[in-house]
Enquirer: 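Below are the structure tokens for one structure; questions will follow.
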Amino acid sequence: MSEKLRVTNLVKTFGTNNVLKGINLTVNENEVVVIIGPSGSGKSTLLRALNRLEEPTSGSIVIDNVDIASKEIDIDTVRENIGMVFQHFNLFNNLSVGENIMLAPVELKKESKDQAAQQAKQLLKTVGLEEKFNATVQSLSGGQQQRVAIARALAMDPDIMLFDEPTSALDPEMVGDVLAVMKDLARKGMTMVVVTHEMGFAKEVADRVVFVDDGQILEQGTPDQMFEHPKNERLQDFLNKILNV
Amino acid sequence: MTQKIVKAIGWVTILLATFFCIAQTTVSAQAKTYQIGTDVTYPPFEFANKQNKYVGIDIDIMNAIAKEEGFKVNIKPVGFNAAVQSVQSGQLDGVIAGMTITPDRKAKFDFGTPYFRTGVVMAVGKNSNIKGFNQLRGKRVALKTGTAAADYANSIKKKYGFKTVTFDDSNNMYEDVTTGNSVACFEDKPVMQYGIKQGLKLKIVTAPANTGWYGFAVKKGQNKELREKFNTGLKKIQTNGTYDKIVGKYLGTKTNPKVKGKTFTIGTDVTFPPFEFANKHNKYVGIDMDLIRAIANEQGFKVKIKPVGFNAAVQSLESGQIDGVISGMSITNARKAQFDFSKPYFTSGVVMAISKNSKITKLSQLKGKRVAIKTGTSAADYANSIKKKYGFHTVTFDDSNNMYQDVTTGNSVACFEDHPVMKYAIKQGTKLKIVTKPAESAPYGFAVKKGHNQALLAAFNTGLADLKASGTYDNIKATYLGTDDKGSVNKTAANDSGDRSFIGLIKQNQGALLSGLKETMWLTIVSIFFATVFGIIVGLLGVVPSKFGNGVSSVLIYIFRGMPLLVLALFIYTGIPSLTGQKIPAFIAGVVTLTFNEGAYIAAFVKGGINAVDPGQMEAARSLGLPFGKSMRRVILPQGIRIMVPSFINQFIITLKDTSILSIIGLMELTQTGKIIIARNLEGFKVWTIVAIMYLVIITLLTWLSNWVQRRIKV
Ligand SMILES: Nc1ncnc2c1ncn2[C@@H]1O[C@H](COP(=O)(O)OP(=O)(O)OP(=O)(O)O)[C@@H](O)[C@H]1O
Ligand SMILES: [Mg+2]
């Protein structure tokens with residue numbers, strides 16, 4: 001098992017608000033890591049720091065032996081290898097479903113339109129939306145939009161996928177479809193970092209669960225260790241709250 | 001015997017009758033031939049040329065006038081004295097012979113309009129250093145016997161302490177100076193000029209002294225018709241340039257070398273009749289206009305009249321945008337600090353005018369009432385100076401019409417105005433009446449910027465003196481104010497006769513309105529283009545990830561959106577030239593003004609439009625590895641522009657409307673055109689209605705066009 005990503009002493013402050021207080025985290029190749037924690041604990045900030053949508057205040061983020069936190073590297077090329085899926089999908093409203101997926105490959109990989117369209121259709125098929133190629137973004141349901149968003153992220157053929165609560169803006173009946181796509185991805189060996197409140201998904205798919213609270217990692221381990229034998233008191237509180245709602 | 005007498009009388013009657021008939025038919029069938037006497041030889045006014053043909057300034061002027069007025073002349077070079085006597089005895093109809101108008105001669109002759117100014121000048125050798133009389137002390141000066149020049153030289157001989165030597169003819173006198181025996185000679189200016197033009201190695205170094213005018217003369221009480229024809233003909237050839245050509249032919253070009261051939265830009269008010277206003281051909285006329293043009297003509301410079309409004313004219317002069325202002329401008333001490341004034345050219349007085357059926361007759365009745373005045377006028381100064389004493393308050397307008405209107409509508413009880421202006425307006429139909437005697441006010445003067453354009457100022461003063469001496473000045477005044485004391489206004493000068501219906505007004509002013517519309521459209525199109533470019537650049541600068549760029553954008557928007565358009569226009573048009581000394585044409589100043597002002601608004605909504613796009617869109621694009629520029633272009637802008645389109649359309653319409661504000665810097669766009677037409681015909685309601693409809697029509701068209709574009713974008 002080779003190491004894909006190593007976060008060392010990551011600190012992020014917004015003004016005087018110390019949001020990440022020295023995070024150390026390693027993610028191995030093909031590993032699925034699920035991040036859990038209470039609201040406002042810094043989960044999104046941590047995830048967004050991994051592709052530098054959030055500029056780290058200090059610390060290092062090494063991906064494939066390259067410190068991407070350093071100012072010298074070209075972050076745009078790094079991002080091509082890191083797919084990201086957002087809570088609110090963020091599909092491009094001015095483009096059709098197909099164009100959403102094709103945009104980056106055509107602009108960045110200089111693929112021909114035909115090639116890109118071919119690939120886009122293929123990806124739509126894997127997320128079960130092959131008939132929506134020409135549809136407008138506005139005509140899709142939330143679940144469909146999120147699956148298109150996953151397809152869009154995959155179009156650049158990334159090594160790592162980041163998910164920030166991909167199902168929390170969805171109606172319950174659509175959650176399953178999205179999780180199915182994600183499980184499928186995990187099975188195919190994608191390295192994934194997922195922030196989610198879907199404990200079922202975590203138990204079933206995660207190789208490791210990481211508990212973040214108040215900008216720190218308080219405990220991490222296999223789903224079994226974390227859910228069945230939590231050691232940290234805060235983790236126990238947290239689990240009590242969400243499992244007994 | 002008696003029979004014989006009867007017979008004789010009968011014959012004589014028949015003969016006389018026949019004569020009369022013949023005489024009558026000749027008169028009506030062909031133009032009358034007048035017999036005109038002149039001198040034998042008085043170059044350059046009359047002399048025989050190499051072909052023995054009589055030529056010269058007098059001869060050519062007489063012939064040109066005869067041709068212009070359609071009569072014939074037979075010019076007889078009988079000699080000066082003989083000519084004068086023959087006119088007295090009735091053998092000749094008139095005399096033109098370089099004849100100076102003197103009181104003595106006026107007793108015996110009727111003179112036409114003076115046609116040539118003369119005076120005694122001093123000439124020195126080409127390389128001489130002598131510049132004035134005070135350098136003549138102890139030196140020898142050459143004179144010609146019996147001339148006015150010799151008389152003059154003798155009269156100042158003692159004072160300047162020079163000696164004289166007298167010659168019998170001009171050539172010997174000139175020779176004595178060119179050889180250096182004498183240091184200077186005295187001669188009539190035109191004669192000297194002509195000699196120099198013919199190759200004399202002399203130069204004129206003094207201004208004409210003992211100046212006088214040559215006039216065309218007929219016997220007193222006789223030949224009135226010929227004299228009048230001469231006067232109208234002279235005016236015509238003076239205006240059409242023939243006169244200048246004739247004089248130039250013999251004397252070389254114009255008289256004032258410092259301003260000769262130059263063009264000066266002269267600012268004036270939009271409407272201040274009878275001093276300046278556009279006549280129905282939209283040409284600026286009035287006392288000021290005719291005066292400055294006549295002076296320009298006389299002094300050989302050209303003027304470009306800019307009717308920008310009084311305040312704008314004064315500011316433009318201060319900033320050096322224009323060279324001079326003639327605008328019924330009172331010479332006050334305050335203004336003297338800023339400007340150099342000419343000699344006063346008009347003295348008026350301030351009167352109070354009230355509505356036709358008002359009962360106010362005295363200043364004391366104004367207590368607690370509202371009085372209308374016009375900014376920057378001496379009448380306003382006067383009103384303000386007595387305001388406290390009589391306890392009234394004032395409301396200020398930018399142009400006369402609005403001020404009158406305020407009184408006729410009853411908003412104000414009275415207004416104060418210069419006497420001639422008020423009189424003129426009432427003649428033109430303004431429903432006001434004058435109730436006070438003219439009160440003292442400062443005389444009007446022509447102004448240049450202090451310390452600048454001194455040559456122009458000097459030329460104005462000389463020209464003014466000349467026009468006063470020649471009677472042209474009085475003629476100009478009479479054209480607008482009448483000659484009688486009651487000051488009846490010459491109706492033909494400005495009265496816009498004819499149809500006052502909407503159709504009639506449109507027909508009369510079609511040309512002016514269309515060119516105003518064209519100017520408005522041009523201003524709008526050019527300004528929209530540049531404002532859009534400027535606005536998009538500044539707007540984008542506001543959203544790039546650069547603190548510096550954001551700052552620049554915010555500051556630009558803050559400044560140009562925060563400044564009233566009017567202030568910005570005046571600042572750019574009059575302020576910038578003051579700082580840089582570089583003139584800016586009004587059109588460019590207008591475009592720059594709108595570019596900055598409208599551009600700032602555009603920048604603000606471009607920025608706002610982009611910021612209104614969900615930030616998640618940018619994050620998603622960036623997370624895919626798209627650089628900022630590409631993300632902007634492919635994702636953010638297409639969405640932002642849709643948000644901005646309605647604002648763009650709105651801004652285009654505002655730009656079109658805002659062009660009207662640029663009338664302040666004298667741009668002849670639609671609003672300014674309207675103002676000028678109204679200044680002439682005082683049909684405010686109708687003309688503003690026409691102008692308003694024109695604006696609405698183009699705004700409707702622009703809206704349609706924009707909506708069409710918007711639909712195309714939406715799809
Ligand atoms: N751009 C920002 N500027 C200032 N403060 C921020 C910013 N983004 C996040 N924060 C603050 O950082 C803290 C952590 O936020 P973050 O979004 O990472 O929490 P989270 O764990 O993802 O919570 P949730 O479960 O509600 O999504 C919060 O207190 C938040 O207010
Ligand atoms: Mg979050």
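The shown structure was predicted, so the numbers you read here are calculated from the model rather than taken from an experiment. Naming: A, B, ... by sequence-line order, numbering from 1 per chain.
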Enquirer: With a 4.5 angstrom heavy-atom cut-off, which part of A:Leu108 approaches chain B: side chain, backbone, both or neither?
Expert: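 Just the side chain, heavy atoms under 4.5 Å.
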Enquirer: How about NZ on A:Lys110, more than 12 heavy atoms from neighbouring residues, nucleotides or ligands closer than 6.0 Å, or not?
Expert: yes
Enquirer: Please classify the contact of A:Asn93 with chain B as side chain, backbone, both or neither, using a heavy-atom distance under 4.5 Å.
Expert: both
Enquirer: Measure the shortest side-chain to side-chain distance between A:Asn90 and B:Met618 over non-hydrogen atoms and say whether it is less than 4.5 angstrom.
Expert: no
Enquirer: In this structure, are over 12 heavy atoms from other groups packed under 6.0 Å from A:Gln118 atom CD?
Expert: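 No, because the 6.0 Å sphere around CD of A:Gln118 holds 12 heavy atoms or fewer from other groups.
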Enquirer: Count the heavy atoms of every other residue, nucleotide or ligand shown that sit under 6.0 Å from CG of A:Asn65, and state whether that count exceeds 12.
Expert: no
Enquirer: Rounded to the nearest 0.5 Å, what separation is found between the CG atom of A:Asp76 and the CG atom of B:Leu624?
Expert: 10.5 Å
Enquirer: Return yes when atom CZ of B:Phe548 has more than 12 non-hydrogen atoms of other residues, nucleotides or ligands closer than 6.0 Å, and no otherwise.
Expert: no
Enquirer: So which heavy atom on B:Val635 is nearest to which on A:Leu103, and how close?
Expert: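 Closest pair (atom of B:Val635, atom of A:Leu103, distance): CG2-CD2, 3.8 Å.
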Enquirer: Hey, is CZ on B:Phe587 packed in by over 12 heavy atoms from elsewhere, all under 6.0 Å?
Expert: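 Counting neighbours around CZ of B:Phe587, more than 12 heavy atoms of other residues, nucleotides or ligands fall under 6.0 Å, so yes.
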Enquirer: Report, as yes or no, whether the 6.0 Å neighbourhood of atom NZ on A:Lys113 holds more than 12 heavy atoms from other residues, nucleotides or ligands.
Expert: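 Atom NZ in A:Lys113 is not crowded, with 12 or fewer foreign heavy atoms closer than 6.0 Å.
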Enquirer: Can you tell me how far the CZ atom of A:Arg52 sits from the CZ atom of B:Arg622, to the nearest 0.5 Å?
Expert: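 These two atoms lie 10.0 Å from each other.
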Enquirer: Of B:Gln639, B:Gln617, B:Arg634, which meets side chain to side chain donor-acceptor pair (under 3.5 Å) against A:Asn94?
Expert: B:Gln639
Enquirer: Need one label for A:Leu91: side chain, backbone, both or neither, based on atoms under 4.5 Å from any heavy atom in chain B.
Expert: backbone
Enquirer: Name the region of A:Arg152, side chain, backbone, both or neither, that has any atom closer than 4.5 Å to a heavy atom of chain B.
Expert: both
Enquirer: When rounded to the nearest 0.5 angstrom, what is the spacing between CG in B:Asp614 and NE2 in A:His88?
Expert: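 Going from the CG atom of B:Asp614 to the NE2 atom of A:His88 covers 9.0 Å.
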Enquirer: Within the supplied structure, the quantity of interest is the number of heavy atoms (other residues, nucleotides, ligands) at a distance under 6.0 Å from B:Trp522 CH2; does it exceed 12?
Expert: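 No - once you tally the heavy atoms of other residues, nucleotides and ligands closer than 6.0 Å, there are 12 at most.
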Enquirer: Quick check on A:Phe92 against chain B: is it the side chain, the backbone, both or neither that has a heavy atom closer than 4.5 Å?
Expert: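 A:Phe92 touches chain B through backbone and side-chain heavy atoms alike.
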